[in-house]
Enquirer: 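Take this structure, written in structure tokens, and hold onto it; I'll ask about it next.
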2 protein chains.
Amino acid sequence: MSDNLPGDPKGRPGIKAVAALAGVGIASVSRVLSGQPGSSPQLTQRVLEAARTLGYAPNALAQGLRRRATRSIGFVGSDITNPLIASIVRGAESVLTVAGFSVLLTNSGGVPSVDAERIEVLMHRQVDGLIVLPTLEDDPATLLALRNTKCPVVLIDRAFPADIPAHYVLSDHYQGMGDAARALLDKGHRRIGLVVGRDVRPTRERVRAMEDAYDRLGLPRDLIVHRGTLSSDHGEVAIEEMLADDDPPTAIVLGGNQLLEGALQAIHRRGLQLGRDLSLVSCDDVPLCRFHQPPIATVMRDAEQLGARAAQLVLTHIETPGTPESVSLPTWFESRASCGAPSGTSVQRRADKVR
Amino acid sequence: MSDNLPGDPKGRPGIKAVAALAGVGIASVSRVLSGQPGSSPQLTQRVLEAARTLGYAPNALAQGLRRRATRSIGFVGSDITNPLIASIVRGAESVLTVAGFSVLLTNSGGVPSVDAERIEVLMHRQVDGLIVLPTLEDDPATLLALRNTKCPVVLIDRAFPADIPAHYVLSDHYQGMGDAARALLDKGHRRIGLVVGRDVRPTRERVRAMEDAYDRLGLPRDLIVHRGTLSSDHGEVAIEEMLADDDPPTAIVLGGNQLLEGALQAIHRRGLQLGRDLSLVSCDDVPLCRFHQPPIATVMRDAEQLGARAAQLVLTHIETPGTPESVSLPTWFESRASCGAPSGTSVQRRADKVR
DNA sequence: TTGAAAGCGTTACCAA
DNA sequence: TTGGTAACGCTTTCAA
């Protein structure tokens with residue numbers, strides 16, 4: 001049995017092979033290669049040489065099993081295809097890679113029960129930490145899965161019950177949306193449409209920011225809140241419905257980057273010119289915002305930073321578990337030509353255009 | 001020692017705990033839970049019940065170590081933030097998830113040596129397969145890393161030396177680019193600029209398609225090929241340089257979606273109207289292509305399908321290793337308003353515009 | 001049909 | 001300073 005030193009599954013050398021070649025004990029190899037002190041220079045030398053000539057690298061599986069730590073973290077998001085989420089993943093991945101961690105990526109498709117399932121799979125894979133962008137804040141399966149995690153968890157842009165053991169990285173949507181609201185009200189808009197997603201923290205913050213903006217100016221809350229999913233299709237429907245209103249809003253704010261494409265379709269179809277016939281604000285900058293004619297005013301944030309901070313947080317608490325921590329990152333409003341002064345109702349505006 | 005049944009690192013029950021609770025042997029638990037036949041209904045029942053009450057799920061690390069298979073695959077791409085790559089990952093991930101595989105995602109940042117390093121890390125993590133979008137085709141480190149892989153590897157959109165043991169999923173860039181070229185030549189363009197990246201298969205196919213299109217019409221190859229990286233910055237520089245030429249092209253083709261933003265910046269800055277003053281074709285549809293005014297004509301492909309086929313290929317060869325396989329997927333040209341007839345030199349065009 | 005025991009490749013204790 | 005050895009949690013012979 002000891003003659004045959006197959007090492008690894010597909011014929012890679014194992015620690016035994018290195019020990020044999022170096023003529024030392026297996027334990028010494030482990031010690032040297034994991035950088036533990038207390039090995040003579042000679043032994044160290046021989047082990048290193050043997051390892052190099054064999055092209056040896058430790059089997060991360062066995063290490064993980066023994067060390068009870070895999071240096072991997074799981075990421076659960078709805079869809080990597082959403083540029084916002086891609087940026088978050090990118091930010092997290094670059095921090096984690098530097099720290100020697102790998103990322104297990106999963107997409108839940110925005111289905112709460114799948115969130116829960118993915119969390120469980122990742123736990124079985126013994127990830128050392130978890131970064132999750134949960135779809136909802138009150139899905140029972142997700143809550144259960146989150147309660148059963150035995151590793152640090154960082155939740156992005158969500159607020160969960162206090163008994164959920166997790167850390168948070170939050171965007172300060174209130175600030176950016178408040179600035180956007182004030183900018184619109186300043187320009188004279190009084191009836192504003194706000195398209196939002198499901199009832200999660202960003203939605204609540206955005207609605208609150210809008211309402212407070214009205215309140216602060218002593219204006220009646222002439223706000224139309226349209227709730228649904230944050231999809232392109234919903235963006236289109238929302239615009240259609242709002243503009244079909246007897247008293248349509250003169251400005252519309254989209255609470256999610258995915259809404260924009262559908263919204264623009266509806267707007268173009270109606271032949272409306274943004275900034276003149278209708279003012280539009282979107283959330284989360286995408287190339288389309290900047291290159292659209294006119295450019296789309298946007299509530300901005302640094303998505304990569306969001307992911308990077310989440311990664312730092314999870315690493316910190318893997319290192320030394322601590323009490324729940326919460327990080328808040330800024331959002332800000334960037335005004336662009338899609339925002340102008342109101343110009344009567346959209347019915348009048350359409351009449352203008354046709355004439 | 002046998003009284004204490006801690007099971008898993010952070011206090012999750014192990015197989016021993018289940019065996020103890022069910023009052024059966026540990027081997028029986030394994031057999032029942034991994035669905036092997038040959039267990040009495042009673043035993044099966046008791047094991048299942050015990051597992052459920054303990055909330056037991058096997059430790060994937062230990063399973064992987066023992067089975068010599070982790071049901072995980074590694075993905076190496078340049079940057080998940082590129083919507084093309086995000087779509088490829090998404091396509092792969094959905095196929096793999098259904099098959100019970102997890103994805104280890106890494107970004108190389110488009111640095112060849114990092115490609116190689118990531119491949120090695122993933123091998124040490126004992127992935128069962130690898131999907132790679134290599135930066136270059138002749139980087140020595142990457143070639144070495146690829147040769148040392150002991151698992152099925154699928155390379156996307158690249159052509160490597162025949163001695164590299166890998167499977168391929170390729171886009172038929174020749175077809176789509178050929179159609180684009182013919183469309184431009186048909187409209188009367190004779191001097192066309194082509195911006196491409198480094199010397200990899202897509203670049204070569206695109207250049208060849210353009211050249212062949214000229215040849216087939218018996219036209220001289222009045223083609224300006226601009227080579228560089230596929231970044232937004234390079235897109236901007238490329239446009240600037242081409243339009244600054246004494247005899248600027250009347251149409252420009254961008255061989256990569258990342259080029260578009262920079263290119264549009266340069267074009268807008270010059271006040272050129274696409275489709276009239278200059279014709280533009282991009283590669284790989286992004287929202288910006290469709291919503292730009294005018295919309296940008298594009299050589300399209302199904303990126304998710306690219307990832308999905310890669311995943312299928314890798315799964316097939318994990319199941320039953322076979323000889324190298326190669327899959328080709330279509331690209332096609334979608335003409336949009338950014339393509340019009342040529343209108344003199346850009347100098348004249350600018351004069352027109354100013355007048 | 002069932003279970004004891006031998007590993008999988010590594011780490012870490014402990015004795016030498 | 002070194003190396004044997006017992007785990008880590010699981011699967012898989014092999015005997016019973």
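Just so it is clear: chains get the letters A, B, ... in the order the sequence lines come, proteins before strands, and each one is counted from 1. Source: prediction; values computed, not measured. Side chains included, hydrogens not; waters and symmetry mates left out as well; all remaining heavy atoms used.
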Enquirer: So if I take every side-chain heavy atom of B:Ala27 and compare against D:dG3, C:dT2, D:dT12, which nucleotide ends up nearest?
Expert: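 The closest nucleotide is D:dT12.
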Enquirer: Would you tell me if any nitrogen or oxygen in the side chain of B:Lys16 comes within less than 4.0 Å of OP1 or OP2 on D:dC10?
Expert: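 For D:dC10, neither OP1 nor OP2 has a side-chain N or O of B:Lys16 closer than 4.0 Å.
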Enquirer: Tell me yes or no: between the side chains of A:Ser72 and A:Arg125, is some donor less than 3.5 Å from an acceptor?
Expert: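 Side chains of A:Ser72 and A:Arg125: no pair found under 3.5 Å.
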Enquirer: What's the CZ-P distance between B:Arg67 and D:dT11, to the nearest Å?
Expert: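 B:Arg67 atom CZ is separated from D:dT11 atom P by 5 Å.
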Enquirer: Of all the nucleotides listed (D:dC10, D:dT11, C:dT11), which has the minimum atom distance to the side chain of A:Arg66?
Expert: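 Looking only at side-chain atoms, A:Arg66 lies closest to C:dT11.
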Enquirer: Looking only at side-chain N and O atoms, does B:Arg68 come under 4.0 Å of OP1 or OP2 in C:dC8?
Expert: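 Checking B:Arg68 against C:dC8: no side-chain N or O falls below 4.0 Å of OP1 or OP2.
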Enquirer: With rounding to the nearest 0.5 Å, note down the distance linking CG in B:Leu105 to CD1 in B:Ile131.
Expert: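 If I round to the nearest 0.5 Å, the distance is 11.0 Å.
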Enquirer: If you pin A:Ala62 and B:Gln63 to their nearest nucleotides in DNA chain D, which one's is more 5'?
Expert: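 Closer to the 5' end of DNA chain D: A:Ala62.
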Enquirer: Could you check A:Leu143, A:Ile156, A:Asp139, A:Leu155 and say which one makes a side chain to side chain contact (heavy atoms under 4.5 Å, CB included) with A:Pro134?
Expert: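 Exactly one pass, corresponding to A:Leu155.
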Enquirer: From OH of A:Tyr56 over to P of C:dT11, roughly how many Å is that when rounded to an integer?
Expert: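 Atom-to-atom, A:Tyr56 to C:dT11, this comes out as 6 Å.
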Enquirer: Please collect all salt bridge (charged side-chain N to carboxylate O under 4.0 Å, His left out) contacts where either partner lies in residues 24-41 of chain B, sequence neighbours excluded, each pair once.
Expert: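 Pairs touching residues 24-41 of chain B that pass the test: none.
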Enquirer: Can you pull the salt bridge (charged side-chain N to carboxylate O under 4.0 Å, His left out) pairs that have at least one residue in residues 160-169 of chain A, sequence neighbours excluded?
Expert: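 Qualifying pairs, neighbours excluded: A:Arg147-A:Asp163.
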Enquirer: Measure the shortest side-chain to side-chain distance between B:Leu122 and B:Val76 over non-hydrogen atoms and say whether it is less than 4.5 angstrom.
Expert: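 Answer yes - side chains close enough.
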Enquirer: Hey, does the side chain of A:Thr70 reach the backbone of A:Leu61 with a donor-acceptor pair shorter than 3.5 angstrom?
Expert: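 Not a single qualifying donor-acceptor pair exists.
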Enquirer: What is the separation between atom CD1 on A:Ile26 and atom C1' on C:dT10, rounded to the nearest whole Å?
Expert: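 The answer, rounded to whole Å, is 7 Å.
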Enquirer: Does B:Gly25 or A:Ser28 map to a spot on DNA chain C nearer the 5' end, using the closest nucleotide for each?
Expert: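 Mapping each residue to its closest nucleotide by heavy atoms, the 5'-most match is B:Gly25.
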Enquirer: Identify each donor-acceptor pair in which a side-chain atom of residues 305-313 of chain A lies under 3.5 Å from a protein atom, sequence neighbours left out, and give them as a table.
Expert:
from	atom 1	to	atom 2	distance (Å)
A:Arg309	NE	A:Gln312	OE1	3.1

Enquirer: How many whole angstroms separate atom CD1 of A:Ile15 from atom C1' of C:dC8?
Expert: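 Distance, rounded to whole Å: 13 Å.
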Enquirer: Ignoring the backbone of A:Leu65, work out which of D:dC8, C:dA5, C:dT10 is nearest its side chain.
Expert: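 Given the options D:dC8, C:dA5, C:dT10, the side chain of A:Leu65 is closest to D:dC8.
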Enquirer: Scan nucleotides 14-16 of chain D against the protein and return all N/O pairs shorter than 3.5 Å with their distances rounded to 0.1 Å.
Expert:
none

Enquirer: List in numerical order all residues of residues 34-46 of chain B for which some heavy atom is under 4.0 Å away from an atom belonging to DNA chain D.
Expert: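 Those residues whose heavy atoms fall under 4.0 Å from DNA chain D, taken from residues 34-46 of chain B in numerical order, are B:Gln36.
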Enquirer: Identify, with sequence neighbours excluded, every residue that meets ring-ring contact (aromatic ring centres under 6.0 Å, His included) alongside A:His124.
Expert: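 Result, ring-ring contact (aromatic ring centres under 6.0 Å, His included) vs A:His124: none returned.
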